[in-house]
2 protein chains.
Amino acid sequence: MSRNYAGLSRERIIVEALHIISGRGLGGLSMRRLGDALEVEAMAVYHHFPLGKEQLFNAIAAYVTSPSPTGTALGAEAAEEEGRDTEEGGPDSVEVVDPGPWDARLTDWARVYRARLLEYSGALSLLVHRAPRTEADTATRALVHGAFTEAGLSGDDVERAADALYSYCVGAVIHEVRHRDDEDAPDGAEREVRFRFGLRSLLRGLTAADA
Amino acid sequence: MSRNYAGLSRERIIVEALHIISGRGLGGLSMRRLGDALEVEAMAVYHHFPLGKEQLFNAIAAYVTSPSPTGTALGAEAAEEEGRDTEEGGPDSVEVVDPGPWDARLTDWARVYRARLLEYSGALSLLVHRAPRTEADTATRALVHGAFTEAGLSGDDVERAADALYSYCVGAVIHEVRHRDDEDAPDGAEREVRFRFGLRSLLRGLTAADA
DNA sequence: ACCTGAACACCGTTCAAGT
DNA sequence: ACCTGAACACCGTTCAAGT
């Protein structure tokens, strides 16, 4: 058992780390435990994340906030850490036009985003001090910017509305996770109702004509 | 130097811990370092927090979310952990009537809450999986409930609006902390403008007549 | 390039002991 | 009651070495 080509990769490591986090919490993730789960010596992880646990945490944060399970965030995040530029070609090069009216686009995005954050709720606290610049993040900005512009906002108000939307979404998921074990906590269905209620209200307030 | 009546207390420990967190981050807080800062052996902390670091974290979370610096949360949190009831007399026994219209009351509360979370931003991630039941928390609920009722909401909508408000406030602070070191990050004044913009919009949307 | 294994400094916590 | 000090199991990370 000397040589061990375990086929380790950044993504396999991240997925296994998230599995541990989901089972034992963020504090339960140790490099040694991660190595065990990957059937590898703990130090092997350092070959893929030379900067150690902090770099792994950044990668997890990027992974969690990127909608695609195959992890488009991996390349971008690796480039970021080593000082390279992102591999993205030109600006607006992938300008995907979503179908439907602006509010449906925003609501759909929010629903997907919430679902993903809830799926990896154990890693949520990693996001408080980390805002990884992923492809998914740029795509989201374009989508939200376009939607609010279409809704009639302009100038600084577009940025302000976008910030309010992001704030509400991550805040709502955190509020949900924080309170889901309270004695009088609402069930899953009602929690989703509340999320959509708040979202609808916020969008209405953001796009109503100013007094 | 055998005997050492250091005059340790839960509050002194919490304040010192927050000082360390503020300087070196949450990961920089160790029991040994905390002991050093308090000029005491690390193990002395365990006499005041017998359940260890997790209990200390809970106490910090309660302290941070309680507006009074003297920490009204301390007693409530201690009671909670040891299974005692809170010392609160009857329901609605302290029904304080705030002055001003409902939206001013909510805006004032939000401004104070945001300021406190920003002051202890290093401890923010502790709140993601902790919702300590403090006196401040009960008072806030009464205030918010009353304000939204006065605004014309009724039934489940009051709870839903309250959840949306909490969600927005903690989400906004987290969004602010997450992005304040971005290259193109807005300055402090603009960040406050954005917070109030989003808050105003949310309140307007929450209390507008349904379509 | 990819992984091992020993080593080092540090950590949370227990426990018996001191005053 | 309040604090000490030694001890134990565990941790992140470095480094030299193996293939």
Mind checking who C:dA1 pairs with, Watson-Crick or G-U wobble, both distances under 3.5 Å? D:dT19

Quick test of your reading of the model: are A:Glu176 and A:Arg114 salt-bridged, counting only N-O distances below 4.0 Å? yes

Reckon B:His47 has a side-chain N or O less than 4.0 Å from the OP1 or OP2 of D:dT4? no

Which nucleotide in the list C:dT4, D:dG12, C:dT14 gets nearest to the side chain of A:Glu41? C:dT4

Whole-Å distance between C:dC10 P and B:Asp36 CG? 11 Å

Quiz item: cation-pi between A:Arg200 and A:Phe195, 6.0 Å / 45°: no

Give one of base, sugar-phosphate or nothing for B:Leu29, where a contact means two heavy atoms less than 4.0 Å apart. sugar-phosphate

Report the distance from atom CZ of B:Arg33 to atom P of C:dT13, rounded to the nearest whole Å. 16 Å

What is the distance, rounded to the nearest whole Å, between atom CZ of A:Phe49 and atom P of D:dT13? 13 Å

Take the protein atom CG of A:Leu34 and the nucleotide atom C1' of D:dT13, then report the distance between them rounded to whole Å. 15 Å

If we call it a pair only when both distances are under 3.5 Å in a Watson-Crick or G-U wobble match, what pairs with D:dT13? C:dA7

Separation of B:Gln55 atom CD from C:dT13 atom P, in whole Å? 10 Å

A:Asp157/A:Arg160 ion pair, N-O < 4.0 Å: yes

Give a yes or no on whether A:His145 atom NE2 has more than 12 heavy-atom contacts from other residues, nucleotides or ligands under 6.0 Å away. no

Look at the side-chain N and O atoms of B:His48 and state whether any lies under 4.0 Å from the OP1 or OP2 oxygen of D:dA1. no

Nearest whole angstrom, please: distance from the P of D:dC11 to the CZ of A:Arg24. 9 Å

Applying a 4.0 Å non-hydrogen cut-off, can you work out what B:Leu38 is touching in the nucleic acid: base, sugar-phosphate, or nothing? nothing

In whole angstrom, give the distance that lies between atom CG of B:Leu8 and atom C1' of D:dT4. 13 Å

Using 4.0 Å as the upper bound for N to carboxylate O, is an ion pair formed by B:Asp36 and B:Arg32? no

Which of the following nucleotides, D:dT4, C:dC3, D:dA7, is nearest to the side chain of B:Arg32? D:dA7

Against the side chain of A:Tyr46, the closest entry in D:dG12, D:dG5, D:dC3 is D:dG12

What nucleic acid atoms does B:Met31 come within less than 4.0 Å of, heavy atoms only: base, sugar-phosphate, or nothing? sugar-phosphate

Return the value, rounded to whole Å, for the distance between atom CE of A:Met43 and atom P of D:dC15. 14 Å

